[in-house]
Amino acid sequence: MLFSRRLMLGLAIAGTLAGALAFPAMAEGPTEIDLFFPVPVDGKLARDMGTLIKEFNESHPAIKATAVYTGSYDDTLIKTRAAIKAGKPPAAVIMSANFLLDMQIENELTNLDSLIAADGTTKEQFLGQFFPALQGNAVINRSVYGVPFHNSTPLLYINADQAKEAGLDPDKPPQTWAELTDWAKKLTKREGDKVTRWGIAIPCAYDYCGWMMETLTMSNGGRYYNEEFGGEVYYDTPSMLGALTWWNDLVAKHKVHAPGATPGPAVSTSFISGNAAMMMLSTGSLTYVRDNAKFNYKVAFIPRNVRNAVPIGGASLIIPAGLEADKQKAAWTLIKWMTSPEKSGWWSRATGYFAPNMAAYKTPDMVDFLNKNPDAKTAVEQLDVAKPWFATYKTVPVRKTLEDEVMLVLNGKKQPKEALAAAQKAADELLKPYNAETSLKLP
């Protein structure tokens with residue numbers, strides 16, 4: 001009886017297999033992938049991303065990409081790490097370029113070298129598409145871990161109408177901190193003790209504040225961190241002390257900058273409304289300013305105290321670790337498409353970020369755009385003095401040790417020297433485990 005049941009079951013299975021073989025297999029659907037993306041600046045970036053991904057899907061029927069908004073750069077890192085830990089990583093992420101080193105240390109990134117080689121090209125040829133200044137945050141230990149997508153440098157934005165009204169020439173913007181201080185004094189307006197227009201606004205909130213401190217420290221001759229090693233930051237130094245003291249002097253001594261820590265959106269709103277005559281902000285906000293300013297404006301290099309130097313900002317496209325082969329392949333197809341000259345140029349024109357792919361600037365659409373919008377050239381020209389963006393082990397908490405102290409200074413609760421010493425001590429403590437396993441692990 002048992003034998004009979006087994007025989008019948010075997011015949012049923014055989015029949016099912018025969019039936020399956022007799023008809024063609026159903027065509028498989030497209031490979032579905034998610035792209036995590038942040039919105040770190042003002043404007044309509046989320047809508048632009050929807051447009052971009054819709055076009056990709058229409059031209060790549062074998063892949064269905066879904067753009068998933070993930071908040072700020074910091075939020076995007078948190079959500080990406082949570083997805084990796086849960087075993088469900090997104091196929092691609094637009095990740096703040098300065099997080100790549102920390103993610104590589106934690107084995108959260110896919111090394112892209114083999115994908116580049118599979119395309120029949122070399123790392124040098126692949127990276128050669130992009131501006132050299134961007135490679136510092138894309139290459140780790142001579143391997144490629146990120147592909148530059150939307151990148152930025154900080155710019156000085158000037159309300160040209162207000163400058164002329166104050167007897168200043170917006171076509172000859174301030175070149176030094178001394179000149180910028182003088183401009184800010186002349187541009188600040190008061191009615192008695194009340195300030196009706198600030199001379200300058202500089203953002204200070206988590207993420208932006210660290211970038212601004214790197215900007216000012218570099219233009220004061222310093223280094224924010226060790227670009228060759230993820231275990232050292234240089235907070236308690238003369239160059240950073242000078243940078244923070246000057247920023248604080250704009251607030252407390254010269255009274256040309258609003259007191260307190262001001263988020264990026266509040267800075268751009270103040271500039272657009274005419275309540276701040278100048279601001280330091282990312283070129284990623286340029287399209288927003290262009291679309292909303294009801295006055296003539298200019299953009300210029302960040303003024304120097306010791307040298308002209310600025311940090312790279314923005315994001316790279318990465319592939320998280322732990323992906324299935326088909327999703328990894330689909331992600332690589334998406335990344336190459338998004339960073340092509342045509343799409344890189346389109347994204348730059350839509351958002352204000354500069355196009356990392358140098359060939360984008362040779363496309364007819366970009367040539368025409370720059371002829372009509374010469375302000376978009378400034379960030380690209382500033383790349384000649386650009387350096388990598390702050391990147392260490394435990395990047396976010398190490399960065400926040402400094403940002404917390406800078407906020408205390410701008411709020412009038414600490415002096416710069418005391419604040420920087422505290423930031424250095426806290427950062428060194430966070431970096432201690434990494435140093436114990438690297439620079440201090442001796443034979």
Side-chain angles (χ1 to χ4, degrees), residues 37 40-56 58-60 94 97 119 121 124-135 137-138 146-158 160 170-173 281-293 295-302 308 310 312-317 333-386:
F37 75 97
V41 294
D42 307 289
K44 51 186 178 59
L45 190 150
R47 190 176 73 191
D48 294 330
M49 179 58 70
T51 300
L52 194 68
I53 295 303
K54 183 176 183 290
E55 183 182 349
F56 173 80
E58 289 173 348
S59 59
H60 296 78
I94 299 175
D119 287 335
T121 188
E124 291 73 23
Q125 290 170 330
F126 179 78
L127 290 170
Q129 303 174 80
F130 307 104
F131 286 103
L134 308 179
Q135 296 180 21
N137 288 117
V147 183
F149 173 60
H150 66 208
N151 291 94
S152 60
T153 60
L155 298 176
L156 177 66
Y157 291 76
I158 300 167
D171 292 320
K172 296 178 181 178
L281 216 62
S282 167
T283 185
S285 294
L286 183 55
T287 296
Y288 174 77
V289 171
R290 186 184 298 126
D291 290 346
N292 291 279
F295 50 83
N296 295 307
Y297 68 91
K298 295 286 184 178
V299 293
F301 279 25
I302 294 295
N308 284 115
V310 291
I312 291 296
S316 296
L317 280 155
T333 299
L334 174 63
I335 287 172
K336 289 186 293 181
W337 184 85
M338 290 176 70
T339 58
S340 66
E342 293 76 16
K343 301 311 164 193
S344 186
W346 183 89
W347 187 254
S348 174
R349 295 190 298 275
T351 63
Y353 285 100
F354 68 81
N357 192 315
M358 293 183 289
Y361 291 94
K362 297 179 181 178
T363 61
D365 285 343
M366 191 60 108
V367 170
D368 182 60
F369 177 78
L370 291 178
N371 285 336
K372 296 175 180 176
N373 300 280
D375 54 353
K377 297 178 184 178
T378 305
V380 179
E381 293 167 349
Q382 201 172 215
L383 287 175
D384 288 342
V385 296

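Just so you know, residue 1 is the first one in the sequence shown, and it goes up from there.
- Shortest non-hydrogen contact noted between Q135 and F130 is NE2-O, 3.8 Å.
- Closest approach of A376 to L370, counting heavy atoms only: CB-CD2, 3.7 Å.
- Two residues are said to be in side-chain contact when any heavy atoms from C-beta on lie closer than 4.5 Å; F354 and L134 meet this criterion.
- In terms of modelled atom types and a separation under 3.5 Å, the side chain of Q382 and the main chain of I302 share a donor-acceptor contact.
- The ring-ring contact (aromatic ring centres under 6.0 Å, His included) test applied to F56 returns H60, W337, not counting sequence neighbours.
- Ring pair Y353/H150 is parallel by interplanar angle, where below 30° counts as parallel and above 60° as perpendicular.
- E55 is linked by a salt bridge (Lys or Arg N to Asp or Glu O under 4.0 Å) to K343, counting only residues two or more places apart in sequence or in another chain.
- Atom OG1 of T153 sits about 7.0 Å away from atom CD1 of I312, to the nearest 0.5 Å.
- Two residues are said to be in side-chain contact when any heavy atoms from C-beta on lie closer than 4.5 Å; S348 and M366 meet this criterion.
- Nearest heavy-atom pair, N151 versus T283, reported as atom, atom and distance to 0.1 Å: O-CG2, 4.2 Å.
- In this structure, CH2 in W346 is found 5.0 Å from OG1 in T51, a value given to the nearest 0.5 Å.
- Considering all non-hydrogen atoms of both residues, L45 and F37 come closest at CD2-CD1, 4.1 Å.
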